[in-house]
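It should be emphasised that the depicted structure is a prediction, and the values quoted were computed from it without experimental measurement.
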Amino acid sequence: MRRFLTAALLVGAAACGPLNEGSAARGFLGVVQARVAGLTGQGAAQPAAPVLTRAQADANPGAFLLVTAYGGNSVASLVVASANGNRVTWLSADNVAVTLENGIIVATRGFPRDLIAADVSGVRAAIAAGGGNAQRIHETITDLDQISQEVLQCSIALTGSETVEILGKSTPTRRFEESCRGENTAFSNTYWVTSVGAIIKSSQAVSPATGFLVLERP
């Protein structure tokens, strides 16, 4: 509970800037506050309104990233804050940030325990090859506020075909499962990849305190 409340305070402190001024990009703050109210007995948590419509997504192709966090209790639509080669940083209205490299999370900011940086180049190569083995390197913050580095060995496998629906639009994809294990961490990620190699949906681990983020490209 303390970690969750700390996260809400951090996000609240960052809630400023032009993305809050009536933009289609909506943040995690309101849903997090509602969830905290429900957990602390200050009132029932209210269901969130849709953060993005199909019409908005169609009018701005490629402009949004839908992110679901905290086991489905918080959903936000993020917009591009910066791009550098194959790395793109997406930002919510309350300044929660997710950086992707070819669709794979390499950093986050604003969550309970962020992923400071990651080397995931081998994972993307294995997906492009239809499966294989890869090594990840993750940097996270410890309880002593120091950066800890962990090397994880991962296995990526094609597990079948699946049609994915995002905001009412259906897309055929291939589903890949990534199983990773390190000295202190183990997790499994899932990627839904189109025929042209684009990851349009994924479930990716950030840290034990933050859990998984579900990312969707509408």
Exercise for the section: Could you pull out the closest heavy-atom pair between E150 and N184, with the gap in Å? Expected result: OE2-N, 2.6 Å
Handout entry: Neighbour count above 12 (heavy atom, 6.0 Å) for R181 CZ
Key = no
Practice task
Can you see which heavy atom on T142 is nearest to which on R113, and at what distance?
Solution key: C-NH1, 3.9 Å
Practice task
Could you tell me whether the side chain of R124 and the main chain of N102 form a donor-acceptor pair under 3.5 Å?
Solution key: yes
Problem - Q204 side chain to G103 backbone, donor-acceptor under 3.5 Å - result: yes
Handout entry: Backbone N/O of S202 and side chain of E216: donor-acceptor pair under 3.5 Å
Key = no
Exercise for the section: Could you tell me whether E183 atom CD has more than 12 heavy atoms of other residues or ligands within 6.0 Å of it? Expected result: no
Problem - Joint hydrophobic cluster, L167 plus V75, side-chain heavy atoms closer than 4.5 Å - result: yes
Exercise for the section: Examine Y70 and F212 and state if one hydrophobic cluster contains both, with Ile, Leu, Val, Met, Phe, Trp and Tyr joined whenever side-chain heavy atoms are less than 4.5 Å apart. Expected result: no
Problem - Side chain D58, main chain A55, donor-acceptor under 3.5 Å - result: no
Completion exercise
Rounded to the nearest 0.5 Å, the OG atom of S148 sits from the CD atom of E139 at a distance of 9.0 Å
Problem - Path from V96 to I105 over hydrophobic side-chain contacts below 4.5 Å - result: yes
Exercise for the section: Of all the heavy-atom pairs spanning I166 and P218, show the shortest one and how long it is. Expected result: CG2-CA, 3.8 Å
Fill in the blank from the handout: Output for pair (S92 OG, L78 CG), nearest 0.5 Å, gives 5.0 Å
Handout entry: Heavy-atom side-chain proximity of L100 to V98 below 4.5 angstrom
Key = yes
Handout entry: Residues that W192 engages under side-chain hydrogen bond (donor to acceptor under 3.5 Å, both in side chains), provided they are two or more places apart
Key = E162
Problem - Any donor-acceptor N/O pair, R175 side chain to T190 backbone, under 3.5 Å - result: no
Problem - Contacts of type side-chain hydrogen bond (donor to acceptor under 3.5 Å, both in side chains), residue D119, not counting sequence neighbours - result: S121
Handout entry: Sole candidate of V214, L213, V51 that passes side chain to side chain contact (heavy atoms under 4.5 Å, CB included) when paired with V67
Key = L213
Completion exercise
All heavy atoms of G182 vs all of L152, minimum pair found to be N-CD2, 3.8 Å
Problem - Common cluster, V79/L52, ILVMFWY with side-chain heavy-atom separation under 4.5 Å - result: yes
Practice task
Taking the side chain as every heavy atom from C-beta outward, state whether I200 and T171 have any atom pair closer than 4.5 Å.
Solution key: yes
Problem - Hydrophobic cluster (4.5 angstrom, side-chain heavy atoms) - remaining members for F176 - result: I104, V106, V120, V123, I127, I156, L158, Y191, V193, I199
Problem - Any side-chain heavy-atom pair of R136 and N189 under 4.5 Å - result: yes
Completion exercise
side-chain hydrogen bond (donor to acceptor under 3.5 Å, both in side chains) filter on D114, not counting sequence neighbours, yields T108
Problem - Where A118 and R87 come nearest, the two heavy atoms and their spacing - result: O-NH2, 3.6 Å
Practice task
Spell out, yes or no, whether V80 and L215 are grouped together once hydrophobic residues are joined by side-chain heavy atoms under 4.5 Å, including indirect joins.
Solution key: yes
Exercise for the section: Provide the closest heavy-atom pair for G62 versus R217 in the form atom of the first, atom of the second, distance. Expected result: O-NH2, 3.1 Å
Exercise for the section: State which residues pass side-chain hydrogen bond (donor to acceptor under 3.5 Å, both in side chains) with S207; sequence neighbours excluded, sorted by chain then number. Expected result: T210
Handout entry: L66 CG to T68 OG1 distance, which is reported to the nearest 0.5 Å
Key = 7.0 Å
Handout entry: Contact list for residues 101-208, test disulfide bond (SG atoms under 2.5 Å apart), sequence neighbours left out
Key = C154-C180
Handout entry: Donor-acceptor pair, side chain of R109 and main chain of A97, under 3.5 angstrom
Key = no
